[in-house]
Undergrad: 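Here it is: the structure, laid out below.
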Amino acid sequence: MNFGHFDDANKEYVITTPDTPLPWINYLGSQDFFTLISNTCGGYSFYKDAKLLRITRYRYNNIPVDSNGKYYYIKDGDTVWNPGAMPTRTPLDVYECRHGLGYSRFHGEKNGLAADLLAFVPVDTACEINKLTLRNNSDKVKEISLFSYVEFCLWNAVDDMTNYQRNLSTGEVEIIGSTIYHKTEYRERRNHYSFFTVNTPVDGFDTSRDEFLGLGRGNNAPIVVEEGKSHNSVASGWYPIASQQINVFLAPGEEKEYVFLLGYCENPKDDKWEALNVIKKEPAKKIMEKFETSEQVNEAFAILNTYWNDLLSRYHVESKDPHVNRMANIWNQYQCMVTFNMSRSASYYESGTGRGMGFRDSCQDLLGFVHLIPERARERILDIAATQFEDGSAYHQYQPLTKQGNLDIGSGFNDDPLWLIAAVAAYLKETGDYSILDEMVAFDCHMEKAAPLFEHLRRSFEYSRTHLGPHKLPLIGRADWNDCLNLNCFSNEPGESFQTTGPSEGPVAESVFIAGMYVKYGNEFAEICRRVGKKEDAAIAQKAVEEMYQAVLDAGWDGEWFLRAYDATSQKVGSHECEEGQIFIEPQGFCIIAGIGVKEGLAKKALDSVKERLDTKYGIMLHQPAYTRYYLNLGEISSYPPGYKENAGIFCHNNPWISIAETVIGRGNRAFEIYKKTCPSYIENISEIHRTEPYVYSQMIAGRDAARHGEAKNSWLTGTAAWTFVNLSQAILGVQPSYDGLSIDPCIPEGFGDFTLTRRFRGATYYFDVKNPNNAEKGVAYLEVDGRHVNGNVVPVEDGKTEYHVTVHME
């Protein structure tokens with residue numbers, strides 16, 4: 001069942017009913033100011049950090065769902081409605097929401113009156129623009145009242161939800177003409193404020209939520225709107241809001257446009273005031289002047305569209321499969337950019353109040369956006385590395401505003417250090433910029449402890465090399481990629497954190513998954529060492545990698561698949577010897593990606609076991625059989641009901657690892673089959689089952705053991721975005737950046753046909769024309785580069801050349 005459709009020409013997803021299975025959202029913003037907006041105008045805004053600088057208030061876990069946002073109430077006689085349907089939920093004659101790249105459009109019609117709302121964040125300004133157009137399509141005069149509504153958050157989103165004994169007394173505003181300034185706490189330690197304004201004189205205002213809504217009412221039926229007249233209330237403590245009333249006269253066929261702005265401003269700490277308790281408003285006035293007219297707004301919107309079109313044009317494919325084209329060219333890359341901005345901090349599932357930027361998360365996300373914004377990827381790498389500890393381990397997360405690591409969920413996740421090597425290797429291959437390795441980078445954010453980035457990589461590898469267990473496999477610490485596999489926790493107390501309870505150092509639980517990472521990224525580190533003349537470090541790393549490769553064969557193979565781990569008592573996890581949890585997805589993917597077991601014939605056995613034991617029509621499950629009771633030695637993974645999340649759910653994040661692994665052994669049909677099962681565009685027609693947005697990936701899908709098999713959760717902010725783009729662009733379509741240039745080695749299904757691909761790389765544009773007359777799944781016979789025959793599959797790089805035309809002849 002569909003609730004909308006793709007509009008590929010406009011790069012939009014068109015939602016045709018407000019009654020989607022869940023709120024379907026979009027992200028506005030590309031620099032520092034961000035807004036989450038749903039298909040019914042729910043959502044919230046923040047500046048840089050969703051926890052520390054939250055601008056508008058949102059209520060998670062609320063009833064009705066998604067009932068707080070930026071709203072425009074239209075009172076037309078006795079009928080009150082909203083362009084996006086919420087919160088009044090008045091049935092509309094026409095409803096449409098178009099989520100585009102960095103913007104959303106809403107169109108509503110009721111009783112001959114049409115409302116068009118365009119919401120976007122301009123490229124270079126800390127504000128959100130809402131352009132509202134009202135048009136009288138009837139043959140009668142319309143006299144309506146328009147009311148805006150925004151509820152301010154008192155900055156720290158956690159404190160806002162909890163510290164009522166203080167914050168119900170702190171709310172302050174200023175009202176100047178059509179502008180409402182939110183200045184709560186500005187009198188003390190803050191030098192920032194927000195404002196909400198409209199580019200026309202107003203007929204009334206309200207800044208007190210209680211006055212606007214009325215006693216015992218919700219935002220679905222505000223008393224002010226019902227009465228048709230603002231109370232001109234001035235908030236003093238309690239709940240500050242911004243609401244303006246505009247009385248509108250529309251002749252038949254007439255339309256009027258209004259520009260509303262929600263902005264964020266900062267002043268120098270020693271120059272905050274115009275007068276006693278009067279905030280300095282120059283920064284806000286500059287923003288208002290910049291977007292005062294519809295023409296200025298239209299120009300800003302055109303700039304935003306140009307920004308996204310230029311960005312996404314850096315990778316473009318044309319095949320006969322429209323799903324591949326739209327995901328590769330639009331939605332997958334767009335989602336990768338959102339994960340760059342958000343990591344796992346702010347979504348409709350991540351409340352923006354805790355996790356911040358993840359160390360592992362951000363390193364993996366970089367794999368999906370480094371080709372789009374290499375200069376910002378460079379900055380992100382340096383930010384991540386600066387939170388690393390001197391011994392090579394890392395904070396598991398840090399706050400985007402302060403860039404300081406936090407211990408909210410501890411440290412000691414022993415895969416973290418290797419992900420830094422993965423990120424830097426991807427950056428070096430994409431850019432050839434080895435100068436990044438000489439950048440002085442802090443340890444634990446203390447510059448007095450700074451060392452070159454290369455030293456951070458060396459310590460990352462050394463930490464892994466020196467933290468091995470009895471089977472010579474890497475120690476798992478708190479957890480590896482799967483934060484819920486807690487082999488050193490042993491928690492019996494409800495409410496304890498599985499990620500901070502128990503020791504991370506000392507126990508001997510080992511991870512075969514990290515061993516696969518160790519081989520893959522240890523090889524990358526050794527190659528980086530060789531390229532910068534660190535021969536001794538390269539030799540040490542290469543020897544250690546070879547030893548780990550053998551350790552996996554000796555202690556990590558279970559006969560038909562790779563083991564998952566050894567627990568703290570050296571009992572096997574993910575073995576046919578186990579009663580439950582006999583086979584896990586992660587090592588089957590990553591060990592083969594690392595090349596382990598390929599020449600020995602083990603890779604095919606492992607992948608065949610995945611298909612036989614883990615595959616479903618909705619994707620590959622994390623493990624089987626599901627855990628039916630709580631295992632003290634395994635931790636959180638066994639705390640979920642069977643089929644959900646880490647307990648045998650379908651984790652979309654690691655499905656691409658299996659698809660990539662299939663391309664390693666040349667099985668294009670199977671690789672593409674796996675890709676299609678979780679790809680949003682292919683499964684749009686089961687949206688009533690899947691439930692989350694049909695244009696972006698979700699973190700997980702309920703597994704075969706679950707009551708709601710096929711239902712997705714945790715959309716948008718997931719490493720699935722980056723890994724599926726790597727899978728599609730590099731493994732399946734085959735264009736891979738390397739240290740020496742671009743190589744191409746497609747692994748595609750039979751019948752996929754010829755395709756063309758455009759890729760910008762190191763200042764040049766590459767035009768690939770892939771010919772596959774014999775329907776080969778894999779294998780490049782030769783290339784023609786600008787008419788010259790080239791053996792193999794690497795495009796030679798020529799200094800100063802800015803354009804390459806490459807014909808790829810598959811075998």
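None of the values given here were measured: they were computed from a predicted structure.
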Undergrad: Could you tell me if the ring centre of Tyr149 sits under 6.0 Å from that of Phe212?
TA: yes
Undergrad: Is the side chain of Ser178 donor-acceptor paired with the backbone N or O of Thr197 at a distance under 3.5 Å, no angle test?
TA: no
Undergrad: Can you check whether Pro87's main-chain N or O pairs, donor with acceptor, with Asn220's side chain at less than 3.5 Å?
TA: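 No, Asn220 side chain to Pro87 backbone: no donor-acceptor pair under 3.5 Å.
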Undergrad: Under a 4.0 Å threshold between the charged nitrogen and the carboxylate oxygen, would Arg344 count as salt-bridged to Asp365?
TA: yes
Undergrad: Side chain to side chain donor-acceptor pair (under 3.5 Å) with Gln245: which residues, sequence neighbours excluded?
TA: Ser230, Asn247
Undergrad: Side chains of Ser347 and Glu350 only: does a donor on one sit below 3.5 Å from an acceptor on the other?
TA: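 No.
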Undergrad: Do you know the tightest heavy-atom contact between Pro83 and Tyr95?
TA: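 Shortest heavy-atom separation between Pro83 and Tyr95 comes out as O-CD1, 4.2 Å.
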Undergrad: Would you confirm whether the ring centroid of Phe301 sits within less than 6.0 angstrom of the ring centroid of Phe120?
TA: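 Ring centroids of Phe120 and Phe301 are less than 6.0 Å from each other.
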Undergrad: Any luck finding a side-chain donor-acceptor pair between Ser345 and Ser343 under 3.5 Å?
TA: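 Absent: no donor and acceptor within the cut-off.
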Undergrad: Does either side chain, that of Asn26 or that of Tyr334, offer a donor lying less than 3.5 Å from an acceptor on the other one?
TA: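 Tyr334 and Asn26 do have a side-chain donor-acceptor pair below 3.5 Å.
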Undergrad: Give me the atom names and distance for the closest heavy-atom approach of Asn2 to Glu684.
TA: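 That closest heavy-atom pairing would be OD1-O, 3.1 Å.
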Undergrad: Going by distance alone, is a donor N or O of one side chain under 3.5 Å from an acceptor N or O of the other, for Asn136 and Ser138?
TA: yes
Undergrad: Quick check: closest heavy atoms across Val202 and Gly177, and the distance to 0.1 Å?
TA: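 Val202 and Gly177 have their closest heavy atoms at CG2-O, 4.1 Å.
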Undergrad: Of all residues at least two apart in sequence or in a different chain, which pass the side chain to side chain contact (heavy atoms under 4.5 Å, CB included) check with Asn199?
TA: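 Side chain to side chain contact (heavy atoms under 4.5 Å, CB included) list for Asn199, sorted by chain: Tyr258, Val259.
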Undergrad: Between Thr133 and Lys256, is a side chain to side chain donor-acceptor pair (under 3.5 Å) present by the stated rule, with each step listed?
TA: CA-CA 6 Å; Thr133 304; Lys256 292 183 179 178; over 6 Å; no
Undergrad: Check this for me: does any side-chain nitrogen of one of Lys70 and Glu128 sit under 4.0 Å from a carboxylate oxygen of the other?
TA: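 Salt bridge: yes.
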Undergrad: Between the side chains of Ser715 and Glu693, does any donor sit under 3.5 Å from an acceptor?
TA: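 Their side chains do contain a donor-acceptor pair, which is all the 3.5 Å distance test asks for.
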Undergrad: With sequence neighbours excluded, give me every salt bridge (charged side-chain N to carboxylate O under 4.0 Å, His left out) pair touching residues 223-240.
TA: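 Passing the test, one end in residues 223-240: Arg217-Glu226.
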Undergrad: Between the side chain of Tyr71 and the main-chain N/O of Asn68, is any donor-acceptor distance below 3.5 Å?
TA: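 At least one qualifying donor-acceptor pair exists.
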Undergrad: Without swapping roles, check the side chain of Arg691 against the backbone of Ala712 for a donor-acceptor pair under 3.5 Å.
TA: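 No, the answer is negative, given that no donor and acceptor are paired below the 3.5 Å cut-off.
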Undergrad: Under the salt bridge (charged side-chain N to carboxylate O under 4.0 Å, His left out) rule, what pairs show up with a residue in residues 189-207, not counting sequence neighbours?
TA: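 Qualifying pairs, neighbours excluded: Glu185-Arg190.
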Undergrad: For the pair Asp7 and Lys11, find out whether any cationic side-chain nitrogen is under 4.0 Å from an anionic carboxylate oxygen.
TA: no
Undergrad: Between Phe725 and Phe369, does the ring centroid distance fall short of 6.0 Å?
TA: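 Centroid distance Phe725-Phe369: not below 6.0 Å, so no.
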Undergrad: Once ring pair (Phe, Tyr, Trp, His ring centres under 6.0 Å) is applied, what residue pairs with a partner in residues 231-251 remain, sequence neighbours excluded?
TA: none
Undergrad: Taking the side chain as everything from C-beta on, heavy atoms only, tell me whether Pro680 gets closer than 4.5 Å to Tyr697.
TA: yes
Undergrad: So, for His192 and Tyr264, is the gap between ring centers shorter than 6.0 Å?
TA: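 Centroid distance His192-Tyr264: below 6.0 Å, so yes.
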Undergrad: Donor-acceptor check, side chain of Glu254 to backbone of Ala251, threshold 3.5 angstrom: yes or no?
TA: yes
Undergrad: Using atom types as modelled and distance alone, determine if a side-chain donor or acceptor of Glu151 lies under 3.5 Å from a backbone N or O of Gly69.
TA: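 Side chain of Glu151 to backbone of Gly69, a donor-acceptor pair under 3.5 Å: no, none is there.
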Undergrad: Should the pair Glu274-Lys280 be classified as a salt bridge under the 4.0 Å nitrogen-to-oxygen rule?
TA: no
Undergrad: Please check if any side-chain donor atom of Asn325 sits under 3.5 Å from a side-chain acceptor atom of Asn329, or the reverse.
TA: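 No, no side-chain donor-acceptor pair sits under 3.5 Å.
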Undergrad: Got more than 12 heavy atoms from elsewhere within 6.0 Å of CD, Glu299?
TA: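 Atom CD in Glu299 is not packed in, count stays at 12 or less.
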Undergrad: In terms of heavy-atom contacts, does CG of Asp78 have more than 12 from other residues, nucleotides or ligands at under 6.0 Å?
TA: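 12 or below, so no.
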Undergrad: Can a donor-acceptor pair be found between the side chains of Thr40 and Arg89 at a distance below 3.5 Å?
TA: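 Thr40 vs Arg89: no donor-acceptor pair found between side chains.
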Undergrad: Would you say Lys142's side chain and Lys140's backbone share a donor-acceptor pair under 3.5 angstrom?
TA: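 Side chain of Lys142 to backbone of Lys140, a donor-acceptor pair under 3.5 Å: no, none is there.
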Undergrad: Work out which heavy atom in Asn341 is nearest to a heavy atom in Gly29; give both atom names and the distance.
TA: ND2-O, 3.9 Å
Undergrad: Excluding sequence neighbours, so at least two apart, what forms side chain to side chain contact (heavy atoms under 4.5 Å, CB included) with Ala284?
TA: Tyr181, Tyr193, Phe195, Cys265, Met288
Undergrad: Apply side chain to side chain donor-acceptor pair (under 3.5 Å) to the pair Tyr348 and Asp66, showing each step before the final yes or no.
TA: CA-CA 9 Å; Tyr348 269 34; Asp66 192 34; 2.8 Å; yes
Undergrad: Side chains of His371 and Gln333: do they bring a donor and an acceptor to under 3.5 Å?
TA: yes
Undergrad: Applying salt bridge (charged side-chain N to carboxylate O under 4.0 Å, His left out) as the test, list every pair that has at least one member in residues 327-336; sequence neighbours left out.
TA: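 Salt bridge (charged side-chain N to carboxylate O under 4.0 Å, His left out) check on residues 327-336 returns no pairs.
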Undergrad: If we ignore hydrogens and angles and just use 3.5 Å, is the side chain of Ser148 paired with the main-chain N or O of Gln244 as donor and acceptor?
TA: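 Yes.
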Undergrad: Is it true that Glu379 and Arg376 make a salt bridge, defined as a side-chain N closer than 4.0 Å to a carboxylate O?
TA: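 Salt bridge flag = no for Arg376 with Glu379.
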Undergrad: Applying side chain to side chain contact (heavy atoms under 4.5 Å, CB included), name anything that partners Asp160, two or more places apart in sequence or on another chain.
TA: Arg57, Cys153, Leu154
Undergrad: Tell me whether Arg209 is salt-bridged to Glu211, with the criterion being a basic N under 4.0 Å from an acidic carboxylate O.
TA: no
Undergrad: Looking at every non-hydrogen atom in both residues, tell me the closest pair between Ala346 and Tyr44 and how far apart they are.
TA: CB-OH, 3.6 Å
Undergrad: Apply side chain to side chain contact (heavy atoms under 4.5 Å, CB included) to Thr79 and list each qualifying residue two or more places apart in sequence or on a separate chain.
TA: Trp81, Thr90, Lys110, Asn111
Undergrad: Scan residues 270-290 for pairs that pass ring pair (Phe, Tyr, Trp, His ring centres under 6.0 Å), counting only residues two or more places apart or in two chains.
TA: Tyr186-Trp273
Undergrad: Does the side chain of Ser294 come under 3.5 Å of the side chain of Glu257 through a donor N or O and an acceptor N or O?
TA: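 Distance-only check passes for Ser294 and Glu257.
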Undergrad: Are the aromatic rings of Phe152 and His182 close, with centres under 6.0 Å apart?
TA: yes
Undergrad: So, Ser208 side chain and Val234 main chain: donor-acceptor pair closer than 3.5 Å or not?
TA: no
Undergrad: Determine, step by step, whether Asn62 and Ser67 satisfy the side chain to side chain donor-acceptor pair (under 3.5 Å) criterion, reporting the C-alpha distance in whole Å, the side-chain angles of both residues, the deciding distance to 0.1 Å, and the verdict.
TA: CA-CA 7 Å; Asn62 196 29; Ser67 63; 2.8 Å; yes
Undergrad: Taking the six-membered ring for Trp, is the centroid-to-centroid distance between Tyr13 and Phe6 below 6.0 Å?
TA: yes
Undergrad: Should Asn163 and Asp159 be marked as a side chain to side chain donor-acceptor pair (under 3.5 Å) after you check the CA-CA gap, both sets of side-chain angles, and the distance that decides it?
TA: CA-CA 5 Å; Asn163 191 9; Asp159 193 73; 3.0 Å; yes
Undergrad: Please list, chain by chain and in numerical order, all residues satisfying side chain to side chain donor-acceptor pair (under 3.5 Å) with Ser698, sequence neighbours excluded.
TA: Thr692
Undergrad: Quick check: closest heavy atoms across Leu118 and Arg105, and the distance to 0.1 Å?
TA: CD1-CG, 3.8 Å
Undergrad: Considering only residues two or more places apart or on different chains, which pairs with a residue in residues 31-56 satisfy salt bridge (charged side-chain N to carboxylate O under 4.0 Å, His left out)?
TA: none
